[in-house]
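Data first, discussion second: the structure below is written as structure tokens.
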2 protein chains.
Amino acid sequence: MSNHTQTWIALARAHTHLLTGVEAGLKAAGLPPLAWYDVLWELEQSPDPMRPKDLEPRLLLPQYGLSRLLSRIEAAGLISRQPDPADGRGHLLSLTPDGRATRAAMWPVYDAALRAGFDGLADPQLARLTRLLSQIGPADKV
Amino acid sequence: MSNHTQTWIALARAHTHLLTGVEAGLKAAGLPPLAWYDVLWELEQSPDPMRPKDLEPRLLLPQYGLSRLLSRIEAAGLISRQPDPADGRGHLLSLTPDGRATRAAMWPVYDAALRAGFDGLADPQLARLTRLLSQIGPADKV
DNA sequence: CGATTTTACATGCGATTGCATGTAAATGGG
DNA sequence: CCCATTTACATGCAATCGCATGTAAAATCG
């Protein structure tokens, strides 16, 4: 088995392990799934209102997936969608107070699950891992 | 942002990038999705016939997910399910010739997509990555 | 041995996803 | 300015997933 394959398998296993832990933690706490966090976080971070199109490349979701994810989050009252005055096709997204509160409530659960999942890796190892992983995929303009 | 979080984000991105590439490659070649490969491979590797229960921990799938995955693969004629003579609850899984051929056809596509996805990482880096990733998750009795 | 519990696997049902396509607004060419 | 094209987002439909539950056959226990 080639090196690529071994690395891929290890990566997939690690990913599943961490993801399962996080989702289980959030569910146990009665909080929304992880995907919601990413949306809420991006909106909270951004200095000016974002449109779905801006969110899409950052979340690595297909367009239709994001569209429906936003619908669900909106239905839960955590974000609002308003028409973009500057572009009739677009929508401007904004956090509601509930959305802000929910993101804040999710964070400690999320963080704890990650720490538990990374059990056994010390800080310098995590740093090395991050550097290696960052070389995979398209280079990232932040 | 803590180290854990940065590592997790890098890991999730790398995973999505690689997985997307592999699935796209398989689909473009008219082949089944990646999950099928893992099943076919395990069955081909195992010296004696496996049961779903044996497969489950190796594939990291929930029980019902595996049950239905096997149903689909069976419906496509790539595996067969027979009652286990030694345990009336269990089924024995075996590859059909078509299953063996399909796995063989999938492999070069799978491998090529992985190589493309890991673009930029040299062998020693891949090896270091594998070692680090292997420390995540439950220790593995192979 | 009979009753209870556990194990192995399947399945109904609602929620989510992928794919293709639809709709409406902007953009570009002549 | 008009028409064709592109962009931004939504949606119908079938496939798949998660969850809870069902079924049947071991295994356990008194």
Side-chain angles (χ1 to χ4, degrees), chain A residues 15-16 19-39 42-43 49-76 78-94, chain B residues 12 15-16 19-39 42-43 49-76 79-94:
Chain A
H15 181 259
T16 300
L19 182 62
T20 302
V22 171
E23 295 288 13
L26 289 171
K27 178 164 308 186
L31 291 166
L34 181 54
W36 293 33
Y37 186 90
D38 296 336
V39 170
E42 291 291 341
L43 294 183
M50 296 188 86
R51 297 168 50 172
K53 184 62 183 179
D54 307 319
L55 229 44
E56 189 184 321
R58 304 179 65 86
L59 300 185
L60 299 184
L61 285 177
Q63 180 269 321
Y64 55 82
L66 177 57
S67 174
R68 288 196 275 219
L69 176 58
L70 292 173
S71 293
R72 276 175 260 138
I73 302 180
E74 184 188 30
L78 305 188
I79 64 173
S80 73
R81 287 200 268 206
Q82 307 145 19
D84 183 344
D87 185 337
R89 299 167 300 181
H91 293 316
L92 296 181
L93 305 171
S94 57
Chain B
H15 180 260
T16 300
L19 182 63
T20 301
V22 170
E23 296 287 13
L26 289 170
K27 177 163 308 185
L31 291 166
L34 180 54
W36 292 34
Y37 186 89
D38 295 336
V39 170
E42 291 292 342
L43 295 183
M50 297 188 84
R51 297 168 50 172
K53 184 63 183 179
D54 306 320
L55 229 44
E56 189 184 322
R58 303 179 65 86
L59 300 184
L60 299 183
L61 287 176
Q63 179 269 322
Y64 55 82
L66 178 56
S67 173
R68 289 195 276 217
L69 176 58
L70 293 173
S71 292
R72 276 175 260 140
I73 302 180
E74 184 187 29
I79 64 172
S80 73
R81 288 199 266 204
Q82 306 145 20
D84 183 344
D87 185 337
R89 298 166 299 180
H91 293 316
L92 297 181
L93 305 170
S94 56

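Naming: A, B, ... by sequence-line order, numbering from 1 per chain. Since the model is a prediction, treat every value here as computed from it, not as a measurement.
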Pairwise 5' ranking along DNA chain C for B/R51 and A/P62, keeping only the more 5' one: B/R51
Send over the distance from A/K53 NZ to C/dA25 P, rounded to a whole Å. 19 Å
Any side-chain heavy-atom pair of [X] and [Y] under 4.5 Å:
X	Y	answer
B/S94	B/S80	yes
A/L93	A/R81	yes
A/W36	A/V39	no
B/R51	B/L92	yes
A/Q63	A/P52	no
B/L55	B/L70	yes

How long is the straight-line distance from [atom2] of [Y] back to [atom1] of [X], given to the nearest 0.5 Å?
X	Y	atom1	atom2	value
A/D38	A/L60	CG	CG	9.5 Å
A/T20	A/H15	OG1	NE2	9.0 Å
B/I73	B/R68	CD1	CZ	14.0 Å
A/K53	A/L66	NZ	CG	10.0 Å

Can you pull the contact range of chain B along DNA chain D, 5' to 3', using atoms under 4.0 angstrom from its heavy atoms? D/dT16 to D/dA26
Dump the pairs, protein N or O against N or O of nucleotides 4-6 of chain C, anything under 3.5 Å, distances to one decimal.
none

Taking only heavy atoms on the protein side, list every residue of residues 63-75 of chain A lying under 4.0 Å from any atom of DNA chain C, sorted numerically. A/Y64, A/R68, A/R72
Along DNA chain D (nearest heavy atom to each residue), the more 5'-positioned of B/P33 and A/L92: A/L92
Here's a test of your reading of the structure: between A/D87 and A/K27, which maps to the more 5' nucleotide of DNA chain D? A/D87
